[in-house]
Peer 1: 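Before anything else, here's the structure in question.
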2 protein chains.
Amino acid sequence: MRRLSLYLRSLEELERAGVATVSSQELASRGGTTAAQVRKDLSHFGSFGKRGLGYGVPHLAGELRRILGLSRSWRVALVGAGRMGAALFEYPNFRDRGFRIVTVLDQDPEKVGKEWGGIVIRDVEGLESVLREVRAEIAILTVPGEVVQEVVDRVVDAGIRAILNFAPVRLRVPPGVVVNDVNMALELEALSFALARGARGR
Amino acid sequence: MRRLSLYLRSLEELERAGVATVSSQELASRGGTTAAQVRKDLSHFGSFGKRGLGYGVPHLAGELRRILGLSRSWRVALVGAGRMGAALFEYPNFRDRGFRIVTVLDQDPEKVGKEWGGIVIRDVEGLESVLREVRAEIAILTVPGEVVQEVVDRVVDAGIRAILNFAPVRLRVPPGVVVNDVNMALELEALSFALARGARGR
DNA sequence: GGATGTGAATGTCTTCACAGCT
DNA sequence: AGCTGTGAAGACATTCACATCC
C-alpha cells in the first residue's frame with residue numbers, strides 16, 4: 001500500500017503530460033515493480049481498468065486519492081521547532097498533498113511567540129488545548145527521544161490518532177492510534193550494512 | 001536486517017545500564033517482536049548466545065556492530081545545504097553511529113564558502129574532485145527532485161557506492177550502487193490511509 | 001531448569017499464466 | 001490483438017515446538 005503512493009505520483013506526472021490512459025506495464029516500470037504486481041495491488045481495492053485498453057489516468061488517480069485519503073486535506077500539528085521541524089515545515093510536498101500544518105509547538109521559551117510563515121509558535125505547555133482548538137488530526141513529532149513518550153501521551157489525550165515520529169524510540173500508544181517512524185540513522189545503517197556485506201562476501 | 005539495528009539500540013541501552021546478559025524474550029519485547037524472531041534473526045549470522053543463559057550484552061553488541069558495518073566510521077558527503085541538509089548535518093545520531101559528514105556541497109553561490117561547524121560549504125560544480133579529495137564513501141542527497149538524477153550520476157562517477165536519497169524520485173543507478181530512499185510525504189500518506197480506512201471500514 | 005538454535009508448519013507476499021473483456 | 005483481473009504456484013518470512021546444551 002505504500003506502492004499505491006508511488007503509482008499515484010506517476011499518475012500525476014502522466015496527468016500533467018496529458019496522457020489519457022496507461023498500462024500496468026508502464027506503471028510498473030515507473031514504480032520499480034512488475035506489471036502483475038501493479039494489477040494485484042489495484043485489484044485489491046476494485047476494478048479500475050479496461051481490458052485491452054489499460055487504466056484511465058485521471059480516473060485511477062482519483063480512485064487512488066480516495067483510497068489513500070488524499071481527496072481531502074488534513075490538519076497537522078508540528079511538535080518540536082528545532083532544525084528538523086523547520087525543514088519539515090517548509091517541505092513543499094506536504095502542502096501539495098493536502099497536509100496543512102496548522103500549528104507549531106515548542107518547549108523553548110526563546111522560540112515560543114516567534115512566527116514561521118504566519119504561524120505563531122506556541123508553548124508545548126498548553127498542548128492539549130491548542131491541539132483541540134486547531135482541530136489537529138495528525139501530529140508530527142520532532143522532539144528529543146527523552147521526552148517523546150510524554151509528548152505522545154499528551155497528543156493522544158488531545159484526540160490525535162495518527163503520529164509521525166522522528167525520535168529513534170519505540171512509542172507505546174493505545175489501540176486505535178497509528179504510529180509511523182522515520183529513523184534516519186537506521187537508513188544510513190542499512191547502507192553501511194550493504195557496503196560492509198559487499199566488501200566481505202559476494 | 002533492519003531489526004538488527006533495533007536490537008543494537010536496545011543492547012546499547014542495556015550496556016549503559018551495566019546489564020551483562022539478556023534473553024531473546026527481553027530483546028523481543030524491547031524491539032517490538034517475538035523471541036523466536038530474535039533468535040532466527042541472530043542465528044542467521046552465527047551462534048552468539050549460550051543455552052540456558054542468554055546473550056552476553058557486550059559481545060552481542062560487538063557482533064551486531066561488525067555485521068552492520070558499524071565497527072568502523074564512514075566518510076559521508078552531504079549534497080544540498082538547504083533546510084533539510086542543515087537538519088541532517090546537526091543530527092546527533094549520525095555522528096554517534098560513526099557516520100562523519102566530511103564535506104557539504106551546494107549549488108547556491110550565496111551558500112558556497114560559508115562554514116557549518118568548521119566545514120566549508122563547497123560548490124557542487126567541483127563535486128567529483130571534492131568527493132575524491134575527501135574520500136567520501138556515502139552520499140546523502142537533499143537536493144530538489146528536478147536535479148537529483150544528475151547529481152546521482154556525478155556522485156557515482158566520483159566513486160560513491162551508497163546513497164541516501166531524500167528526493168521523492170526513483171533513482172537509476174548502475175549495479176553495485178545501493179540506494180536508500182527517505183520519502184517523508186509517503187510516510188504521512190500512510191497515516192492518511194490508516195485514518196481514512198479507520199473511518200470507513202473496520 | 002532455562003534459554004538457545006533450528007527443522008517443520010504456517011502464513012504472507014510475489015510471480016506466473018491464462019481466461020475473459022474491449 | 002491487447003491488456004486486465006485472478007486463481008494457482010512459487011518464494012519468502014514468521015511462528016511453533018522441541019531437541020540440545022549450559
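Within every chain, numbering begins at 1; the chains are lettered A, B, ... in the order of the sequence lines, protein sequences first and strands thereafter.
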Peer 1: How are the rings of B:W116 and B:F89 set relative to one another: parallel (under 30°), tilted (30 to 60°) or perpendicular (over 60°)?
Peer 2: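 Tilted: the ring planes of B:W116 and B:F89 meet at 30° to 60°.
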Peer 1: Between the base of C:dT22 and the side chain of A:R51, is one N or O donor paired with an acceptor at under 3.5 angstrom?
Peer 2: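 Answer is no: no donor-acceptor pair is held.
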Peer 1: Could you check how far CZ of A:R39 sits from P of C:dA17, rounded to whole Å?
Peer 2: 13 Å
Peer 1: C:dG20 C1' sits how many Å from A:K50 NZ, rounded?
Peer 2: 16 Å
Peer 1: In this structure, how many angstroms lie between the P atom of D:dC12 and the CZ atom of B:R3, rounded?
Peer 2: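 Interatomic distance, CZ of B:R3 to P of D:dC12: 16 Å.
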Peer 1: Starting at CG of A:L53 and ending at C1' of C:dC21, how long is that distance when rounded to a whole Å?
Peer 2: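 From A:L53 CG to C:dC21 C1': 10 Å.
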Peer 1: C:dT22 P sits how many Å from A:Y55 OH, rounded?
Peer 2: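 To the nearest whole Å, that distance equals 14 Å.
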Peer 1: Rounded to the nearest 0.5 Å, how far apart are CZ of B:R97 and OH of B:Y91?
Peer 2: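 The CZ atom of B:R97 sits 10.0 Å away from the OH atom of B:Y91.
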Peer 1: From C-beta outward on A:Q37, which listed nucleotide comes closest to its side chain: D:dT4, C:dT14, C:dG5?
Peer 2: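 The nucleotide sitting nearest to the side chain is C:dT14.
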Peer 1: Rounded at 0.5 Å granularity, tell me how far CD in A:E128 sits from CD1 in A:I160.
Peer 2: 11.0 Å
Peer 1: Can you find an N or O donor on one side and an acceptor on the other, under 3.5 Å apart, linking the side chain of A:K40 with the base of D:dT6?
Peer 2: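 Not at all, since no donor on one side and acceptor on the other fall under 3.5 Å apart.
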Peer 1: B:T33 near the nucleic acid: base, sugar-phosphate alone, or nothing, with a heavy-atom cut-off under 4.0 Å?
Peer 2: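 B:T33: no heavy atom of the nucleic acid under 4.0 Å.
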Peer 1: Give the ring-plane orientation class for A:H59 versus A:F48, where under 30° counts as parallel, over 60° as perpendicular and anything between as tilted.
Peer 2: perpendicular
Peer 1: Check every atom of D:dG5, C:dG5, C:dC16 against the side chain of A:A36 and return the nucleotide holding the closest atom.
Peer 2: C:dC16
Peer 1: Output the rounded distance in Å from NE2 (A:H44) to C1' (D:dT6).
Peer 2: 13 Å
Peer 1: Can you tell me the distance, in whole Å, between the CG atom of B:D41 and the P atom of D:dT14?
Peer 2: 7 Å
Peer 1: In whole Å, what is the span from the CG atom of B:L60 to the C1' atom of C:dA3?
Peer 2: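 That distance rounds to 14 Å.
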Peer 1: Is the side chain of A:Q25 donor-acceptor paired with the backbone N or O of A:A35 at a distance under 3.5 Å, no angle test?
Peer 2: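 The answer is no, because no donor-acceptor pair under 3.5 Å joins these two groups.
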Peer 1: Side-chain N or O of B:T34 versus OP1/OP2 of D:dT15: is the shortest distance under 4.0 Å?
Peer 2: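 The answer is yes; a side-chain N or O of B:T34 sits under 4.0 Å from OP1 or OP2.
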Peer 1: When the nearest nucleotide of DNA chain C is assigned to B:G52 and to B:S43 on a heavy-atom basis, which residue is associated with the more 5' position?
Peer 2: B:G52
Peer 1: Measuring to OP1 and OP2 of D:dG5, would you say a side-chain N or O of A:S47 lies under 4.0 angstrom away?
Peer 2: yes
